[in-house]
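Scroll down for the structure; my scribbles are underneath it.
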Amino acid sequence: MIAALILWGHALAALAFGLLAFGQTWGSRGGWPKGALIVALALTSLWALAIAGLDAHDITHPIVIAIRNVGWFVLMALVVRRHSGSGIALASVYAVAIGMTVASAVLALVGTMPIDAAGVEAIDHARFACRMMEAIAGLVLVHHLYAHAQGGARWLTTPVALLLAMLWGSDLVEAAFGYLSGEAAPALLATRGFALTLIATLFGLFARAGNERSLAVSRSVAMRALGGLAFIAYACGTVLLTALAGRAIGDHARIAQTAIVFGSATALMTLLSTPWLRAWTRVMLAKHLFRLRYDYRTEWQRFTRTLGMPGPDADPLDRRIVRAIAELTDSPAGLLLTAHPQGLEAACGWNWEGHDGSEAALVRFLEGTARIVELDTIRQGEAVTQEAMAIPAWMIARQEAWVLVPLIHHSTLVGAILLSRPPIDRALDWEDLDLLRIVGRQAASYLAEDRAHDALADARRFEEFNRRFAFILHDIKNLVSGLTLVSRNAERHADNPEFRADMIATLQDSATRMNALLARLSQHHRPSTESPQPVDIAAVANRIAVARRAQHRVEVTGQGLAIAQPGGIEQILGHLVQNAIEASVADMPVTIAVRQTAGRVAIDIVDRGVGMSTAFIRDQLFRPFASSKPTGFGIGAFEARQLVEAVGGTIAVDSREGAGTCFTITLPAAAHLEVAA
């Protein structure tokens with residue numbers, strides 16, 4: 001079976017290369033010598049025909065291989081000399097390649113003479129060693145040919161380099177197996193013919209297409225091919241070590257060979273599972289084998305795929321943006337900081353522990369310069385003064401923080417991405433900076449569009465709320481009109497028992513209808529016209545506690561006199577206490593703790609109920625119409641923060657799911673403001 005595959009595969013390869021040589025009309029393009037190319041293709045066809053039609057041990061085989069290789073070496077030397085010149089080092093490599101080719105042919109001829117078995121074995125080992133040196137030298141020359149091809153020569157250099165890499169790569173593996181076992185690997189010979197036929201077909205199609213359609217191997221294919229060659233080399237090294245162990249150790253060879261195989265397999269698994277080594281390998285290959293660090297088509301496809309990842313189980317957009325930018329530079333983590341007038345605020349992290357913010361100076365610096373900040377330059381004292389002063393201390397203190405990428409939409413800073421240091425630490429070059437600047441603007445446009453969608457949705461919800469409130473006001477107006485009429489008639493008919501019964505029924509019906517309207521509205525939504533004034537917070541809290549006594553136990557502690565709107569602060573506390581009651585279990589009281597420190601009055605509303613998640617607090621709690629209750633409108637927390645901030649106060653929340661919630665309202669103390677006035 002293998003013999004038939006060797007025959008048919010190499011026969012087809014011989015036919016393909018023969019047709020290439022016979023129909024060659026494009027060899028002179030780009031400086032390729034037409035005659036030398038025809039000869040090289042014809043010799044390759046002759047070599048494949050010899051493999052297919054002659055016995056593997058026939059002396060013709062090594063002679064034809066040597067002639068084929070010399071033909072290609074001469075062709076490559078002519079091309080390189082014409083386009084890039086030749087130095088002593090390059091001439092030495094050509095001399096070694098041709099010398100090893102001639103030596104292997106001579107040794108094959110010597111092996112046919114009447115020599116004892118030991119001499120034949122030594123000659124075969126020397127011949128296979130020469131063939132390995134010949135193949136290695138050929139691969140080096142192929143790399144040089146491709147790297148130094150210029151202008152019109154490059155269009156034909158790519159398929160020629162691919163063809164010769166296949167030829168001499170298979171020769172190298174065949175010679176290595178022959179050196180170890182004394183003969184070529186039949187499986188390799190069986191597959192090589194069909195592979196060469198495919199390459200010759202592609203060569204002909206490409207060459208006929210001409211210079212207008214360049215052939216280029218993608219970076220991913222090149223990386224996989226290099227990985228495959230590295231694995232083959234690793235396997236050949238393992239086989240060579242086991243063969244040497246079998247020759248040198250003798251009786252204990254099997255134990256040594258088992259240890260070598262087990263050790264090499266363990267080492268290979270360790271190398272493949274080490275992130276640092278994989279990252280280092282990618283960096284070295286990109287640096288030394290490719291003109292550009294990044295495969296922009298692949299990176300851009302991955303970037304847009306990550307940002308546009310659909311589905312209900314996908315990460316939020318903020319997290320996807322951090323991940324997409326971090327993966328470009330192999331960063332294991334990242335943090336998104338969103339911009340607001342007071343500075344940058346941590347919004348979302350990807351594999352990032354801890355959340356910090358910054359002052360407004362960093363926003364002004366990034367928005368004014370659009371500069372990508374390398375934090376290591378600041379740590380080393382090499383950054384400009386303005387940049388060093390704008391970066392907050394916590395970024396410098398975190399050694400894993402590597403690069404800060406601004407997200408600029410038009411001329412406005414939307415946020416910034418803080419990237420963690422990749423496994424292989426390196427300085428950014430122009431290619432990194434250009435790519436990060438482009439993806440930063442693209443990510444900023446995604447964020448800006450998402451914020452615009454949120455604002456539009458909020459506006460639509462406000463519109464819907466106002467429309468609903470208008471209908472409710474109409475119903476309330478009708479109720480008020482009916483109650484007004486009842487009150488007027490009561491002055492004249494108060495002594496009439498039937499009228500009193502009707503009045504009671506009307507009042508009950510009106511109360512029921514108003515309660516239904518309030519349930520539909522969920523929250524009072526009227527602007528306050530009260531002016532800030534001193535308010536006894538404890539007295540307000542006690543009134544709320546008494547009013548809620550029938551529902552739940554509410555405890556009040558402490559005293560404090562604050563500047564606030566009396567109706568507004570009572571509305572805020574009533575709303576928060578009602579929420580705390582609804583979240584609490586029956587036997588756990590709600591606490592209102594009032595305390596006064598440093599010119600401020602703090603009010604803590606504490607419950608030990610179900611609590612809220614960190615994501616809900618950060619993203620939805622203080623947004624209008626966002627509520628954790630199925631029937632809630634989400635107006636209360638939004639309105640509470642507006643009322644508190646209107647008098648110079650703040651509102652904060654600390655909550656854990658299953659442990660409870662503490663809302664803290666901080667207001668200016670009355671005595672402090674009066675003295676200041």
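Rounding to the nearest 0.5 Å places CZ of Arg421 at 8.5 Å from CD of Glu400. Between atom CH2 of residue Trp350 and atom CZ of residue Arg319 there is a gap of 10.0 Å, rounded to the nearest 0.5 Å. We find the CD1-CD1 distance between Ile391 and Ile378 to be 4.5 Å, quoted to the nearest 0.5 Å. Between Arg553 atom CZ and Thr591 atom OG1 the span is 8.5 Å, to the nearest 0.5 Å. Atom OG1 of residue Thr338 and atom CG of residue Asp318 lie 8.0 Å apart, to the nearest 0.5 angstrom. Rounding to the nearest 0.5 Å places CG of Leu576 at 5.5 Å from CZ of Phe663.
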**Trace of the side chain to side chain contact (heavy atoms under 4.5 Å, CB included) decision for Leu375 with Val403** = CA-CA 6 Å; Leu375 298 179; Val403 175; over 6 Å; no
**Request:** Walk me through it: do Thr664 and Ile651 pass the test side chain to side chain contact (heavy atoms under 4.5 Å, CB included)?
**Result:** CA-CA 6 Å; Thr664 301; Ile651 184 170; over 6 Å; no
**Request:** Let me see the working for Leu419 and Val405 under side chain to side chain contact (heavy atoms under 4.5 Å, CB included), right down to the final yes or no.
**Result:** CA-CA 8 Å; Leu419 297 178; Val405 182; 4.2 Å; yes
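Side-chain contact check for Val554 versus Pro589: every heavy-atom pair is 4.5 Å or farther apart. Side-chain contact between Ile325 and Phe303 is present, with heavy atoms from C-beta onward closer than 4.5 Å. Side-chain atoms of Arg600 and Gln596, non-hydrogen and from C-beta on, never get closer than 4.5 Å to each other. Between Val590 and Val606 there is no side-chain heavy-atom pair separated by less than 4.5 Å.
Judged purely by atom type and a 3.5 angstrom limit, Asn542 uses its side chain to pair as donor or acceptor with the backbone of Ala538. Judged purely by atom type and a 3.5 angstrom limit, Thr661 has no side-chain atom pairing as donor or acceptor with the backbone of Asp654. Side-chain atoms of Glu367 come within 3.5 Å of backbone N or O of Leu413 as a donor-acceptor pair. At least one donor-acceptor pair closer than 3.5 Å links the side chain of Arg320 to the backbone N or O of Thr306. In terms of modelled atom types and a separation under 3.5 Å, the side chain of Ser331 and the main chain of Ser420 share a donor-acceptor contact. A donor-acceptor pair is defined here as one N or O able to donate and one able to accept, closer than 3.5 Å; such a pair exists between the side chain of Arg379 and the backbone of Ile396. Judged by distance alone, the side chain of Asp607 and the main-chain N or O of Ser584 form no donor-acceptor pair under 3.5 Å. Between the side chain of Arg595 and the backbone N or O of Ile603 there is no donor-acceptor pair closer than 3.5 Å. Of the possible polar contacts, one joining the Arg441 side chain to the His410 backbone as a donor-acceptor pair under 3.5 Å is found. Under the 3.5 Å distance criterion, the side-chain polar atoms of Ser655 are matched with a main-chain donor or acceptor of Met612.
Of the candidates Leu335, Leu366, Leu336, Leu344 forms a side chain to side chain contact (heavy atoms under 4.5 Å, CB included) with just one, namely Leu366.
Between Gly560 and Val594, the shortest heavy-atom distance links the atoms N-CG1, 3.7 Å.
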